[in-house]
Colleague: 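Sharing a structure, written as structure tokens. Questions coming.
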Amino acid sequence: MGIEKLHLEDALEDSPQTRSLLSVFEKDAMTLKKYTTGLHNCCQRIMKAQNELCAATQSLSQHLRDFEIQKFPLESDDSVLSSTLKQFSSYLDDVSSIQQVLSAQFSETMMYPLSRFLQADLEEVTTLCEMYQIASNEHDSAMNRYMRLPKKKESERQKSEYNEELYLMRKKFHQTSLHYYSSLNALQYKRKCSLLEPVMGYLHAQRAFFQMGQDAVGKKEIEDFLNNISTSVQGVQQELQTETKKTVELIDSLEQQSAHLYHAEPMVDMPYIPPNTTLTQKAGYLYVRRGKHFHVPGPIGKQLIATKWERCFFFTVGGNLMSQARDEVISTNTKKLAGSLVLDLNEPGVLAEPHESDDRRFVFQIVSPKNKRNVVLQAENEREKDEWICTLNNIVRESGYVKGKGGGPQAKPKERTSSSSSMSKPGSGSVSPDQASISSMSSTGAVPKTPAPTPSSSFVADAPIQFDLLTPTSQNGGVAPSLPGPPNPEPRINPFDQSANEVLDTLDSAIDNSTFVESFVVRFLGSMEVTTDRGEKLVHETMRQIMAARAIHNVFKMTESRLVVSSEAMRLIDPATNTLRTTFALADISFWAAHPENTRLFGFITRTKPPGATNSTFSCHVFECNISAEEICQAIGTATKLAFQALMQRKLPPGVGKEKKAMEKIQQVKTREKNILLQNIQQLEDAPEDEEDSLHNLPLSPDGKYLVLTAADESEDGMESGDLSQPMEKLTVESMQQPISDSFDTEDVEPESEA
């Protein structure tokens with residue numbers, strides 16, 4: 001395992017991440033100093049108390065064993081140093097029972113390297129730590145005085161003085177930081193030498209002074225062990241020398257490269273560096289103006305606004321402007337993640353533009369008409385101000401909004417079967433207690449309702465956040481099933497692309513049989529385990545946790561998928577290969593909701609019950625979409641409603657459904673026969689006039705229902721009116737006596753031909 005080091009390139013920027021990493025190194029140095037002091041005390045006991053040599057040596061052996069339980073932040077559990085010290089402790093157990101040590105030999109071979117490490121190296125780190133804090137405070141004070149300079153021309157001399165003062169303080173802070181970082185890095189190498197040399201010298205003194213301990217410490221294995229350790233220490237010392245040489249060269253190079261960054265405003269003799277107007281990401285320190293209202297007592301109440309400028313670290317991620325204080329890190333008590341949302345740049349009408357301020361220079365503002373909010377910021381110089389304005393406007397432009405035109409039209413998802421459903425609240429929903437019986441499709445028993453989550457019990461302690469989808473390929477090692485349709489040769493995974501993507505129309509056969517289908521383009525942001533199965537506040541808090549975690553860990557990659565919502569299930573399909581990534585059964589989805597401010601974010605909670613488990617686990621999944629998230633939530637609500645209706649239809653008694661189906665079949669047959677009869681009537685040719693006259697002259701039957709074609713002999717015509725009605729009634733009765741179920745076992749009867 002390589003040795004952890006602080007990056008000297010980040011010393012001048014002094015970002016919150018660098019400060020957080022520096023605190024880890026400082027904690028490691030304090031722990032090392034504490035451990036080394038204990039080791040030094042153990043060696044002093046051996047020198048001062050010759051009569052207590054056995055007890056002192058045993059204490060030293062035990063202290064060496066305690067190295068692996070010290071939990072050094074930068075030391076792994078299975079490190080070579082830990083195993084080496086454990087081996088030393090085993091040898092010291094044998095030595096402590098038979099030998100005594102002279103104080104002079106101990107002073108030369110054991111105490112000297114340890115004292116040198118304590119006084120020279122660890123004390124130097126402590127001194128540099130104090131100098132670093134002083135330089136940091138002086139730099140902040142100089143920066144504050146410089147940033148408070150007015151825009152008046154009369155203060156040119158004061159501007160020059162403050163600028164020169166800031167140059168000196170920043171240079172001093174940078175140089176101190178470089179030496180402090182390099183000392184902490186070198187301490188990681190010196191630790192391995194300074195902790196091993198005293199123990200090695202102790203064993204060498206014992207072997208040289210005591211001939212009686214030949215059987216104990218003169219073994220061949222101990223000699224080989226010491227030779228290997230000596231070679232290892234020499235190798236570490238050579239690495240330290242090489243690293244020290246590289247560090248000195250790097251410090252000189254960084255000082256030369258950072259010379260133009262010491263001045264907040266470039267000097268006249270420096271070359272002009274134009275601003276980069278094509279950036280889509282940017283991070284750095286800015287001053288933000290914050291206002292506070294004060295009420296003035298009196299007959300007429302007045303409100304006074306006091307402005308205060310604070311220095312914060314701003315950065316852009318996922319179309320959002322985030323801010324973070326320099327000392328803001330992960331809290332060990334509340335487990336809250338650092339970073340807070342300043343403004344959603346995806347909202348329509350957001351615009352960054354220069355701003356005129358009476359008391360400050362290089363000021364610009366971000367206008368959000370939707371929230372009726374203006375964020376006023378100040379940069380160090382004109383170049384930084386222009387770069388921030390261009391970067392923010394580029395992000396807004398990528399989201400689809402252009403000043404004067406408004407947001408571009410969103411791509412509407414296709415719906416195969418139109419269906420409408422009403423929800424109690426747009427953008428959120430859950431499975432009702434009646435609809436909870438849908439879970440009987442996959443498991444027996446009803447789903448219990450859980451109470452609304454509280455902020456203290458909403459999340460599982462130390463629950464990991466999953467930033468990528470687990471496809472069937474990654475879970476089972478197999479190949480994901482491919483859906484019909486042409487694959488996309490150019491997959492696109494762009495976390496900052498807010499444009500709508502064309503949705504593929506080809507779905508699998510299971511979706512074709514659904515009564516409701518809608519598809520959307522979504523990007524997976526992350527998921528984490530929660531304690532309850534419902535709650536709008538729970539979903540919103542999960543969104544905040546995942547977005548903050550992405551900002552802290554610099555996770556920008558998002559997996560784009562096609563979300564297909566049907567009355568059967570919810571499926572995520574890879575648009576590049578048209579393969580199925582994962583499926584969410586509607587019975588397992590207990591709650592869904594959209595973000596109240598960012599209309600592109602939505603999430604839903606799923607329940608999972610492992611085989612053999614008594615309780616279910618709940619996970620909240622968060623996605624980003626191109627259209628309004630409320631449309632997706634409404635589609636999920638419609639799908640669950642139709643699935644519930646289908647389940648209730650399947651639970652009806654068998655006779656009721658069969659009789660209703662038979663009546664519908666008879667109605668279809670009657671409608672088809674009526675259409676055929678109307679077509680035949682329309683196709684009849686007009687009869688001649690003489691035939692019409694002859695038809696009018698024909699006599700009627702006694703009941704007036706039929707024409708008598710031959711009046712001479714009515715008995716030979718076959719039957720009279722009474723006889724005509726009897727076969728028809730009989731025919732009708734016989735045809736209706738056929739079983740209704742038999743008429744549905746065969747295919748539909750084709751219409752008879754005109755012949």
Colleague: Of the non-hydrogen atoms in T531 and F618, which two are nearest, and what is the gap between them?
Modeller: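 Result for this residue pair: O-CD1, 3.6 Å.
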Colleague: Looking only at atom types and distance, does a side-chain atom of S183 sit under 3.5 Å from a main-chain N or O of V125, one as donor and one as acceptor?
Modeller: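 Checking the backbone N and O of V125 against the side chain of S183, no donor-acceptor pair under 3.5 Å is found.
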Colleague: State, yes or no, whether a side-chain contact exists between H174 and Y262 at a heavy-atom distance under 4.5 Å.
Modeller: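 Heavy-atom side-chain distance check passes, below 4.5 Å.
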Colleague: Just how far is it from atom CE of M131 to atom OG1 of T176, taken to the nearest 0.5 Å?
Modeller: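 One finds 5.0 Å between CE of M131 and OG1 of T176.
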Colleague: Would you please test R170 and E13 for salt bridge (Lys or Arg N to Asp or Glu O under 4.0 Å) and show each step?
Modeller: CA-CA 11 Å; R170 183 169 290 178; E13 184 182 7; over 6 Å; no
Colleague: Check the pair Q70 / K34 against side-chain contact (heavy atoms from CB on, under 4.5 Å), numbers first and verdict last.
Modeller: CA-CA 10 Å; Q70 293 297 317; K34 181 180 178 181; 5.9 Å; no
Colleague: Could you check if a side-chain atom of S177 sits within less than 4.5 angstrom of a side-chain atom of Q175, using non-hydrogen atoms only?
Modeller: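 They are not in contact (no side-chain heavy atoms under 4.5 Å apart), so the answer is no.
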Colleague: Rounded to the nearest 0.5 Å, what separation is found between the CG atom of L178 and the OG atom of S258?
Modeller: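 Going from the CG atom of L178 to the OG atom of S258 covers 8.0 Å.
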Colleague: Distance from D94 atom CG to T57 atom OG1, nearest 0.5 Å?
Modeller: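 OG1 of T57 is found 11.5 Å from CG of D94.
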Colleague: Under 3.5 Å, is there a donor on one side chain and an acceptor on the other for Y91 and Q87?
Modeller: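 Yes - a donor-acceptor pair under 3.5 Å links their side chains.
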Colleague: Quick one: pull up OG in S182 and CD1 in I251 and give me the separation to the nearest 0.5 Å.
Modeller: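 Answer for the OG-CD1 pair, S182 versus I251, is 4.5 Å.
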Colleague: Decide yes or no on ring pair (Phe, Tyr, Trp, His ring centres under 6.0 Å) for Y181 and F25, but give the supporting numbers first.
Modeller: CA-CA 9 Å; Y181 288 5; F25 274 78; 8.5 Å; no
Colleague: Quick one: are Q62 and R65 in side-chain contact, heavy atoms under 4.5 Å?
Modeller: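 When only atoms from C-beta onward are counted, R65 and Q62 do touch, with a gap below 4.5 Å.
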Colleague: If we ignore hydrogens and angles and just use 3.5 Å, is the side chain of T316 paired with the main-chain N or O of K282 as donor and acceptor?
Modeller: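 Side chain of T316 to backbone of K282, a donor-acceptor pair under 3.5 Å: yes, one is there.
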Colleague: What distance separates Q257 CD from E9 CD, expressed to the nearest 0.5 Å?
Modeller: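 Interatomic distance, Q257 CD to E9 CD, rounded to 0.5 Å: 9.0 Å.
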Colleague: Is it the case that the ring center of Y162 lies less than 6.0 angstrom away from the ring center of Y146?
Modeller: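 When the ring centroids of Y146 and Y162 are compared, they turn out to be at least 6.0 Å apart.
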Colleague: Do S323 and S340 get their side chains close enough for a donor-acceptor pair, meaning under 3.5 Å?
Modeller: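 Side chains of S323 and S340: pair found under 3.5 Å.
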Colleague: For E265 and N163, what are the C-alpha separation, side-chain angles and deciding distance, and is it a side chain to side chain donor-acceptor pair (under 3.5 Å)?
Modeller: CA-CA 8 Å; E265 256 186 288; N163 193 18; 5.5 Å; no
Colleague: For the residue pair S141 and R145, confirm or rule out a side-chain donor-acceptor distance under 3.5 Å.
Modeller: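 Judged by distance alone, the side chains do not pair up.
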Colleague: Using ring centroids (six-membered ring only for Trp), state whether Y285 and F314 fall under 6.0 Å.
Modeller: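 When the ring centroids of F314 and Y285 are compared, they turn out to be at least 6.0 Å apart.
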Colleague: Using the salt bridge (Lys or Arg N to Asp or Glu O under 4.0 Å) rule, take E197 and R116 through it: C-alpha gap first, then chi angles, then the decisive distance, then the call.
Modeller: CA-CA 11 Å; E197 283 181 352; R116 182 183 59 188; 3.5 Å; yes
Colleague: If you measure from CG on L166 to NZ on K159, what distance do you get to the nearest 0.5 Å?
Modeller: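 One finds 15.0 Å between CG of L166 and NZ of K159.
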Colleague: If we count only N and O atoms by modelled type, under 3.5 Å, do the side chains of E26 and Y180 hold a donor and an acceptor together?
Modeller: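 On atom types as modelled, these side chains qualify, holding a pair under 3.5 Å.
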Colleague: Counting only N and O atoms by type, is there a donor-acceptor contact under 3.5 Å from the side chain of D28 to the main-chain atoms of F72?
Modeller: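 Such a contact is absent between D28 side chain and F72 backbone.
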Colleague: Taking the six-membered ring for Trp and the full ring for Phe, Tyr or His, determine whether the centres of Y35 and H63 are under 6.0 Å apart.
Modeller: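 Yes, ring centres under 6.0 Å apart.
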Colleague: Given side chains that start at C-beta, do those of R191 and L81 come closer than 4.5 Å, heavy atoms only?
Modeller: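 With C-beta onward as the side chain, the pair touches.
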Colleague: Please find out if less than 6.0 Å separates the ring center of Y132 from that of F173.
Modeller: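 Aromatic pair counts; centres sit under 6.0 Å.
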Colleague: Are the aromatic ring centres of F524 and F467 under 6.0 angstrom apart?
Modeller: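 No, they do not, as the ring centres are separated by 6.0 Å or more.
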Colleague: For S15 and T18, test the side chains for any donor-to-acceptor distance below 3.5 angstrom and give the result as yes or no.
Modeller: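 Yes, side-chain donor-acceptor contact under 3.5 Å.
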Colleague: Determine yes or no for a side-chain-to-main-chain donor-acceptor pair under 3.5 angstrom, with S61 supplying the side chain and S89 the backbone.
Modeller: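 It does hold such a pair.
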Colleague: Do R383 and F362 form a cation-pi contact, if we require the NZ or CZ to be under 6.0 Å from the six-membered ring centre and within 45 degrees of the ring's axis?
Modeller: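 Geometry flag: not set, cation outside 6.0 Å or 45°.
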